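Written below as structure tokens is the structure these notes are about.
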Amino acid sequence: MTNQYIENLLFYFVVSPVIIAVILYLSGANRFTRIVALLAQSTLFYFTLQNFLYVSHTNNVISSPVGGYYGFMGIVLVADMLSSMFIMLTAFIFLIATFYSFSANHSPLFWLLKFLWQASLIGIFLSGDFFNIFVLTEIATIVVTVLIMYERKNRNMYDGMIYLVISTIIVNFFVFGVGYLYRMTGTLDISLVSERVRYLYTSDLILPYALIMTFVGLKCALMPMYSWLPKAHGSKGAPSSVSAILSGLHIKSGLYLFLRFSDVFQNGGIDGSQIFLVLGIITALAGVIFAVSQTDIKLMLAYSTIAQVGLILVGLSIGDIDGYNYVGGLFHIANHAIFKACLFLGAGIISHYYHTRESTQIRGVFFEMPAISIAMILALLGIIGTPLFNGSISKYFLMSGTGWDTNIILNIVNLGTIIICIKFSAIFFGKKPNIRKKPLDIMSHGVILLLGVMCFLMGILGIQTINFLFGYSVYVNIAGYTEKAIIFFVSLMAGYVIYKAFLTKEGPAMKWIRTSEMGFRGMCFSMVAFFAFILIAVGFYN
Amino acid sequence: MENLLHIISNIFIVVGTFFILIGVIAIFKFKDFFSRILSTSKIDTVGAITILSGLAIRHGISWFSAKTILLMILILIINPLKSHTLLRYAVISGHKNKKAKGNKEVAK
Amino acid sequence: MTTTIMSFWLFCNIFVLFQKKLLSMILWLFLSSIIASLGFLFLGSPDVAMAEATASAFVTIIFIVCFENFFGIKNLQNFIEEENSKTRENIFKKIILPAFVVLCTFALFMNFLPQAPQDTYLKNLYILRASTDVGGQNVVGAIYLGYRVYDTIFEALLLLIAVVAVVHLSHFDGVYKKDGKQSEVKNNAISLFTVRIVAPITVLFGIYLIANGAITAGGGFQGGLAVASFFICRFLIFDIYDIPIKKVNKLEDTIFVAVVIMASLMVFHGFFGEIPPNYLPIAQNIYLFIMNLLIGIKVACGFTILLYRYVAIERN
Amino acid sequence: MNSIELISIIVFFLGLYGLLTNRNIVKTIVFASMMEVGIIMFWLSIGFTEGMVAPIVASMFEVDNYQVYISDPLPQALMITAIVIGISITAIKTIMFITLYRKFKTTDWDIAKIKSKEVSKEAIQKG
Amino acid sequence: MSLFYMSLLEIILWVILLFAIVCVIRVIKGPTIWDRVLGFSIISSKLVLIIAIFSSMRNTAYLLDLAIIYTLFGFLGEIFLITFLSKNVKERG
């Protein structure tokens, strides 16, 4: 691809899904919407792949000012290694979702919202402008609110309302922070701001840092501000492909923003990695505890997403910027997208087939739907971190070189995830239900199987995928890996014993954890408390 | 000629402000709602029109005076009728002022 | 001068906080946002003042329509009291704890206020080069139609999604045109007369605002809101619900696609950037006019659907 | 740190206080829109000095030769976007509140939470 | 606040702003909701005057568009306020 051609292709990555979406919506419900949507989605994936290959080969950063206004007067779209990988991941996951919901003929509104969601996510990953991220996050919030409340019959309006109100309040904090940054550095462009921030005193940057990091904290569902996530990801009104994308991808935009903004403030002399290390650990532990107590399979997966995101944050903020932990965190982002999408899609089909989401009432899935259950078991093994699976590679790098205390905590978190997966996999065994057999839908089953197999493949060729995706050349020493494998098997046994001993029947403490839920004012309190905590932590101890 | 226009426009503006001062006093002096509404419908409109005509004179023949005249026409239409709607719906919704009842007893 | 207006605005906002009745709270909100728009004017930005003035009128109309339909003002008071009395919390949890938390955060906020001087890098560039790069006298219009048109596309997209979201999230699926509520203005001849005069003036004024968006303050959004208010007056005058929401929605989408194509053709291929800007002043003015026109019509359609949805369909 | 920025921060925290204390959903929507106006005021108060002129070319050179302070055009362009975002988000919140009220018959956050859990329990029994 | 070289228009501007602030007392004190709406309509008509005088001080014509928008939309908002208010407020006094 010639350089000039790729240069202003970036803009069309964002605008073409918008135009496709509106044309599909305008053309109304006819037989061709599905096919056109599939074609458009695969071409988009092809182009993102081309862009990724171009960027990773020539490894220069494409920055194309929109409209040709140089000198950062307009908006500049930046596609470096990280954002092109994220765009490719977005296009891939949306392609999977399009395949999955191909057979269920949805109304054109579904395709409109899906493509607009994709456009706003790709826009967030590409945009190099603070205010542009605000507008795109608003669009993504509204689209997700409508998609959560998609099915009219069993939608729960309270969850949608909480999600919308909380996300719009936290965006005010972000706009406030960007206002201060604009006042001090005179510009809105991320690269220019991170350049000009060097000449400012660190004490001036504390307030914008706290304001922006509360926004990022809520987007990544850090500990005090987590209770919107199970409402959004596990909502009843959402088609299962939507909650798969939500949990696999939408939470990653928060992590991407965390990476981008912590780079900006790193130049300014504020290093919040200690705080986010502690927050990541707390989030991981709390996510695990909440997930173990759930009985609804989708809520179980939603809470385990919180735990995994906490784990990723720990990885991203332990070592130095290009150390093994950082690479482990990045690789875990990609892995988490794959196996969480696979699990959510599978859970969608199971709950549709069994008409219930209670894990206690679902039994015998292995005999009923062998294909899906094999794929889901592969994904579950991936999450746990069994050797030769992708989870183990990323966890190996995550934990490499950490002190003994963080190692212990990360192993406890891993033990928790093992217990969750054991509790989740209880649905596979047990007697065969006497439910009428549903016609096998090749598209969705095939897609889930593909995701499961990918979990296994990315495990075996771990080092090559890391090199391909992120460009870091890493090396796994066999001794460390086998030691990790032994720890894994020990914790697997321990997890099984703990599950059998305590968790088969629901104790009062477990029931309280499951049913305890923050009200709206509780969430506002947690936002303000998080903001005050970061201000104190960065202000007084830095 | 120039400062003659300025003097006239200054006079208009001061007189207009004086009208509005009366309007403000009217709001607090009158005890019940129905007499208070007089100040919005009449006094405010008159005050606004005098001030705006003063401004129009100050700027002579120009886009500014054209727009001020349009504004004057609008205020002339909207202000009294706005107060009328307010009054009408107050009466429909049964807003009887206590003072009036008092006068009836006194009159009896 | 501006600080007195601002303290006046702060005073009204404090009153919004401590209102028991919901309707007087909305009245105070309307008053505070009108004074805020006056403040914007004194801060040197007529565009935002216009947008805020129209926005406050629309938000008040949306609140009144939604709020009036469910619980009349009279029985709202006891509704709220009875609501709270059921789960009465002690005074500490209700007032003192949040006040303490907010005060501490406010103190922390004040403690870390940045003292760095303002950097006017972009401001000087815009004022210097806006009228040559993008054309038109209004620099603000030049920014959101020329330099940051990428933002404006997503801005228009957001309005499109808002309309779709309101249609989808409402209790009624589909469009019930026939059983809209009657408007109460009908029985009052004089206010009908006023609305009959004001309506054409608003739509003419809206078109005037859209037309010279690039020359004076105003532009696509403010003009579109003014034109949309014509349709509200039309509902008040003739109280008919014959707006075909589906067709208007389709019109809005096609115009949005036209906006995106227009923007990408003219701006993103560097039509302005590379070709020497002063070479085509006519093309720039035509581009700005058409963009303002398209955005104005789109905003007008979007808000008419929104308000019709509320006024005609949500109220029964 | 001019006084207008202080006032807009105070209004922002007033809105936040309103959110924390009241339980009525409609009042939350009102306070959220109040916070947004506070932020718009903060953005426009950046670099404000008394007697600033609008950045419209006609008015920039009309005021005769003494020093002219031209207001910053960029925050104004951004704040028009923020206002339109504010309107559409308020509209969506209101419509969601109407539907929520139709189902749960309450305007209170905590009671809506309790009722939404009951609804989800029934859905589970119904299967 | 140096009164020394303030032109007449600026003094008038201050005076009318003072009147608007005084009218807020009526909106606060107003026994019934109708007094509040009355106070509101007085303040909005005063603000229109403030804008007209401000634009005359700045000698710019386009600011008057804002005054026209104020009157039109203040009127529209109030009409909605009043029509829907009347249906629900059964006043006692």
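Values in this document were obtained by computation on a predicted structure and should not be read as measured data. All values below come from the heavy atoms of this structure, side chains included, with hydrogens, waters and symmetry mates left out. Throughout, a chain's letter reflects where its sequence line sits, starting with A, and its residues are numbered from 1.
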Quick check on [X] against chain E: is it the side chain, the backbone, both or neither that has a heavy atom closer than 4.5 Å?
X: C:Leu225; result: backbone
X: C:Ser56; result: neither
X: C:Phe63; result: neither
X: C:Phe15; result: side chain

Side chain / backbone / both / neither for [X] at chain C, heavy atoms under 4.5 Å:
X: E:Leu13; result: both
X: E:Leu63; result: side chain
X: E:Ile21; result: both
X: E:Leu81; result: both

Please find the pair of heavy atoms, one from [X] and one from [Y], that lie closest to each other, and give the distance.
X: E:Arg26; Y: E:Pro31; answer: NH1-CD, 4.0 Å
X: C:Ala217; Y: C:Asn138; answer: CA-ND2, 3.7 Å
X: C:Gly223; Y: C:Leu209; answer: CA-CB, 3.9 Å

- prompt: Based on non-hydrogen pairs under 4.5 Å, which of C:Ser37, C:Ala53, C:Ser24, C:Gly206 is most in contact with chain E?
  reply: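 Sorted descending by pairs with chain E, the first entry is C:Ser37.
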
- request: Among the options C:Thr60, C:Thr216, C:Ile61, C:Ile5, pick out the one with the most heavy-atom pairs lying under 4.5 Å from chain E.
  value: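 It is C:Ile61.
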
- prompt: Does the separation of the ring centres of C:Phe42 and E:Phe54 fall below 6.0 angstrom?
  reply: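 Yes; E:Phe54 has its ring centre under 6.0 Å from that of C:Phe42.
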
- prompt: E:Leu76, E:Leu66, E:Thr71: which one forms the most heavy-atom pairs within less than 4.5 Å of chain C?
  reply: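 Result: the option with the highest number of such pairs is E:Leu66.
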
message: Only pairs of heavy atoms separated by less than 4.5 Å count here; which of E:Val24, E:Ile28, E:Ile43 has the most with chain C?
response: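 Of E:Val24, E:Ile28, E:Ile43, E:Ile28 has the most heavy-atom pairs under 4.5 Å with chain C.
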
Among E:Phe40, E:Phe80, E:Phe73, the one residue meeting ring-ring contact (aromatic ring centres under 6.0 Å, His included) with C:Phe30: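 Single ring-ring contact (aromatic ring centres under 6.0 Å, His included) partner of C:Phe30 among E:Phe40, E:Phe80, E:Phe73: E:Phe40.
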
- request: Assess whether side chain to side chain contact (heavy atoms under 4.5 Å, CB included) is satisfied between E:Asp65 and C:Phe205, documenting all intermediate values.
  value: CA-CA 9 Å; E:Asp65 305 345; C:Phe205 195 69; 3.6 Å; yes

Check: C:Phe221 and C:Asp47 side chains under 4.5 Å, non-hydrogen atoms: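 No - every pair of side-chain heavy atoms lies 4.5 Å or more apart.
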
- request: With sequence neighbours excluded, tell me which residues meet side-chain hydrogen bond (donor to acceptor under 3.5 Å, both in side chains) with E:Ser55.
  value: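 So E:Ser55 forms no side-chain hydrogen bond (donor to acceptor under 3.5 Å, both in side chains) with any residue.
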
